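Have a look at the structure below before the remarks.
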Amino acid sequence: MTEYIQAIRGMNDVLPSDSALWRHIEKIIRETVYSFGYDEIRTPILEKTELFKRNIGVATDIVEKEMYEFDDRNGDSLALRPEGTASAVRLGLEHGLLTQGVQRWWYMGPMYRYERPQKGRYRQFYQLGVEAFGVMSADIDLEMILLSEALWRNLSLQAPLVLQINTLGTAVARKAHKEKLVEYLNQYCTELDKDSQRRLHTNPLRILDSKDEKTQKIISDAPKLMDYLDDASKAHFAAVCAGLDALDIAYQINPALVRGLDYYTHTVFEWVSNELGAQGTVCAGGRYDSLVEQMGGKSVPAVGFAMGLERILLLLQLQQQEVNEPADIYIVSTPGAPRLCALKLARDIRRHCKDLRVLTDCSDASFKNQFKKADKSGAGLALIIGAEECTEKNVTVKHLRDEQLPQTKIATAELFTFLEKLRSR
Ligand code: ATP
Ligand code: MG
C-alpha cells in the first residue's frame with residue numbers, strides 16, 4: 001500500500017470543526033480595524049531574503065535561525081515572510097505611499113518561522129499586523145494600544161491579558177547603554193546561559209529577555225536602559241504612560257521587554273496571557289521610527305503591532321467558546337425527478353433568502369436516514385420532496401425542533417411567503 005503523504009511538521013490544517021471559530025476571529029478583527037479607519041494591504045508571501053536580513057537585523061532569532069530561505073530556479077535568494085512589517089514598509093516605499101500623509105494599514109495572513117513546534121508555536125502561523133506611518137506623537141502609540149484592547153473586548157476574551165510596556169529610546173541611547181551592559185555582563189560571562197553568552201557578542205540587549213533563572217538574577221543588577229535615555233525619549237514614554245492612565249488602561253512597565261527585532265525605537269509593548277505557558281505573548285509591537293529611512297525612504301515615524309491568531313484561538317477554546325453554524329433548511333428527497341426538484345428549490349430559496357443555509361441531501365439513503373442527517377445538520381426545517389410532491393409542485397414541511405408544530409404541505413409557489421412569516425415570528 002502507498003503511504004500517504006503528511007503535512008509538514010508545525011504547519012497545521014484547519015478542520016471543519018475549527019473553521020467556524022477561525023472565521024469568527026477573522027470577522028471580529030476585520031470589523032475592529034475597520035472601526036478604527038485602518039485600510040487593508042496585501043503583500044506576497046515570498047520576498048527577497050535580503051529584505052528581512054537587512055531590516056529585521058542579522059543577530060535576531062528570526063534571521064539567525066528561523067527563516068525559510070531558498071534559491072529559486074533563477075538562483076535568486078527568496079524567503080517565506082517571517083513577519084509583516086518589513087514587507088509593509090517595502091510596499092509603502094515602492095508605491096510612494098509613505099510621503100502621502102498619515103497611513104493606517106492592517107494585514108492578515110500566514111507567516112513562517114523554523115521554530116520547534118509546540119502548543120502556540122508553529123512553523124506556519126497567522127498574524128494580524130497593524131501599522132501606522134507618519135505620526136510622531138505618543139497619541140498614535142495610544143491608538144495602537146486602544147485598537148488591540150478593542151480586539152480583546154470584541155473577541156470577548158474572558159481571562160484578562162496584561163499589558164506590558166517599555167521604552168527602547170533612540171539608537172544613540174541604546175548604543176551608550178549597550179557598552180555599559182556588555183562591560184557589566186562580561187564579568188559574569190561564564191555564568192550566563194549558552195544563548196546569552198553568544199548574544200553578548202551579537203545582540204546583548206536580547207540577554208535581558210533570557211528565561212534562564214541564573215541569567216535573570218545577574219540581569220537584575222545590570223545597567224538600565226532607562227538611565228541612558230535622552231530627554232525627548234523620556235518625555236515620549238511619559239506621554240504614553242500618562243495617556244494610558246487617562247484612558248484607564250492598566251499596564252505594567254517591564255524594563256526587560258526588549259522585543260526580538262532590531263528596528264524598534266521608543267515605545268514597545270506586549271499583551272500577555274498567563275494561560276498559555278511560555279507562549280503567553282498574544283500581541284506585540286512598538287515604534288520603529290528609523291526603519292523607513294533605513295530602508296531607503298525619507299524619515300517617517302511609524303508604529304505597529306502583530307497578533308498571533310492561533311494563540312487567540314487557543315484562549316477562546318480554553319474558555320470553551322464555540323461557534324455553531326447550523327443549517328437552516330435540509331431538503332429530503334428521492335433520487336431522480338424529485339431530486340432535481342429539490343436542487344431547483346434549494347437554488348430558489350438561496351436566491352430569495354441569501355442568508356439561509358440550505359442543504360440538499362444528494363444520497364440514495366432512505367427517508368429515515370436522510371432525516372437523521374437533517375437532525376444532525378442542526379436545521380430547524382426539513383422540506384420533503386417525494387414523487388407526489390414533485391408532480392403536484394408542492395413540498396412537505398416538517399419542523400425539526402418543535403414537535404408541536406404540525407407537518408404541512410405547501411405549494412412550492414407559497415413557500416417563500418411561508419418562510420418569511422416563519423422568520424418574522
Ligand atoms: P515569541 O517570544 O513567542 O517567540 P516573538 O517575539 O517571536 O514571540 P513576534 O515576532 O513579536 O513574536 O510576533 C508577534 C506575535 O505573533 C506573537 O506575540 C505571537 O502571538 C505570534 N507568534 C510569533 N511566533 C509564532 C509562532 N511560531 N507560532 C505561533 N504564533 C507566533
Ligand atoms: Mg519568536
Side-chain angles (χ1 to χ4, degrees), residues 7-14 18 22 25-26 29 52 55-57 59-68 79-88 106-131 144-145 147-148 151-152 155 157 159 161-166 168 195-196 199 203 205-212 254 256-264 267-288 291 303-318:
I8 300 166
R9 205 162 102 84
M11 304 210 178
N12 300 318
D13 298 312
V14 175
D18 286 336
W22 271 97
I25 295 172
E26 288 162 1
I29 287 174
F52 305 115
N55 299 307
I56 294 174
T60 58
D61 280 354
I62 293 183
V63 172
E64 267 184 350
K65 54 188 185 191
E66 295 176 356
M67 270 216 289
Y68 277 92
L80 288 170
R81 60 182 189 192
E83 58 99 50
T85 302
S87 304
W106 69 276
Y107 47 86
M108 188 157 51
M111 304 292 164
Y112 300 83
R113 295 184 195 176
Y114 194 81
E115 301 200 66
R116 194 171 67 77
Q118 52 199 293
K119 190 174 136 202
R121 192 177 293 289
Y122 313 101
R123 290 180 175 176
Q124 173 182 286
F125 60 98
Y126 283 75
Q127 273 187 347
L128 159 72
V130 180
E131 322 280 358
M144 280 288 151
I145 292 172
L147 203 169
S148 45
L151 285 166
W152 320 141
L155 285 161
L157 280 190
L161 295 177
V162 175
L163 173 64
Q164 299 193 348
I165 63 169
N166 189 24
L168 300 182
D195 260 349
S196 297
R199 284 187 175 137
N203 196 349
L205 204 58
R206 282 302 306 281
I207 298 177
L208 302 185
D209 205 17
S210 166
K211 306 282 179 285
D212 182 81
N254 176 0
L257 186 70
V258 293
R259 308 288 306 118
L261 298 80
D262 266 4
Y263 51 61
Y264 286 108
T267 322
V268 286
F269 66 92
E270 289 191 359
W271 287 93
V272 187
S273 158
N274 61 12
E275 295 190 294
L276 297 174
Q279 277 65 252
T281 303
V282 169
C283 170
R287 268 197 171 263
Y288 49 96
L291 184 61
V303 59
F305 71 76
M307 181 188 94
L309 268 64
E310 284 83 357
R311 294 187 191 179
I312 295 290
L313 189 94
L314 284 168
L315 287 178
L316 289 179
Q317 283 170 339
L318 276 175

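Bear in mind that the values here come from a model prediction, so they are computed numbers and not experimental data. Counting convention: from 1, in listed order, for ligands and their atoms alike. Count residues from 1 along the sequence.
Glu26 CD to Tyr126 OH: the interatomic distance, rounded to the nearest 0.5 Å, is 8.0 Å. Between the CZ atom in Arg81 and the CE atom in Met67 there is a gap of 14.0 Å [rounded to 0.5 Å].
Under 4.0 Å from ligand 1, the heavy atoms of Val282 that appear belong solely to its backbone.
Distances between N or O atoms of Gly308 and those of ligand 1 include at least one value under 3.5 Å.
When only non-hydrogen protein atoms are considered, atom 27 (N) of ligand 1 lies nearest to Glu115 OE2, 2.6 Å. For atom 18 (O) of ligand 1, the closest non-hydrogen atom on the protein side is Thr281 O, 3.1 Å. Protein heavy atom at the shortest distance from atom 26 (C) of ligand 1 is Phe125 CD2, 3.4 Å.
In this structure, of Gly84, Gly120, Gly286, Ala278, the residue bringing a heavy atom nearest to atom 29 (C) of ligand 1 is Gly120. Evaluated by nearest non-hydrogen atom to atom 3 (O) of ligand 1, the leading choice among Lys211, Arg121, Gln279, Glu83 is Arg121. For atom 28 (N) of ligand 1, the choice among Tyr122, Tyr114, Tyr264, Phe305 with the nearest heavy atom turns out to be Tyr122.
Here the side chain of Gln164 pairs no donor or acceptor atom with the backbone of Val162 at under 3.5 angstrom. With Lys211 contributing its side chain and Asp209 its backbone, the two residues share a donor-acceptor pair below 3.5 Å.
The pair Glu83-Arg113 fails the salt-bridge criterion, with no side-chain N (NZ, NE, NH1 or NH2) lying under 4.0 Å from an Asp/Glu carboxylate O. Using a 4.0 Å cut-off between charged nitrogen and carboxylate oxygen, Asp195 and Arg206 do not count as a salt-bridge pair.
The distance from ligand 1 to the heavy atoms of Ala284 drops below 4.0 Å at these ligand atoms: 11 (O). Short contacts between ligand 1 and Gln127, defined as distances under 4.0 Å to a heavy atom of the residue, involve ligand atoms 13 (O), 14 (C), 15 (C), 16 (O). Of all the atoms in ligand 1, the ones that sit under 4.0 Å from a non-hydrogen atom of Ala306 are 14 (C), 15 (C). Proximity to Cys283 (heavy-atom distance under 4.0 Å) selects the following atoms of ligand 1: 18 (O). Short contacts between ligand 1 and Arg113, defined as distances under 4.0 Å to a heavy atom of the residue, involve ligand atoms 5 (P), 7 (O), 9 (P), 10 (O), 12 (O), 13 (O), 23 (C), 24 (N).
The shell of residues lying under 4.0 angstrom from ligand 1, judged by heavy atoms, excludes Met111.
When distances from atom 8 (O) of ligand 1 to the protein are checked, no heavy atom turns up under 4.0 Å.
The shortest distance between side-chain heavy atoms of Met307 and Ile312 falls below 4.5 Å. Annotation: side chain of Leu157 is not in contact with side chain of Val282 (no heavy-atom distance under 4.5 Å). The shortest distance between side-chain heavy atoms of Ile165 and Leu257 does not fall below 4.5 Å.
Residues Trp271 and Phe305 keep their aromatic ring centres 6.0 Å or farther apart.
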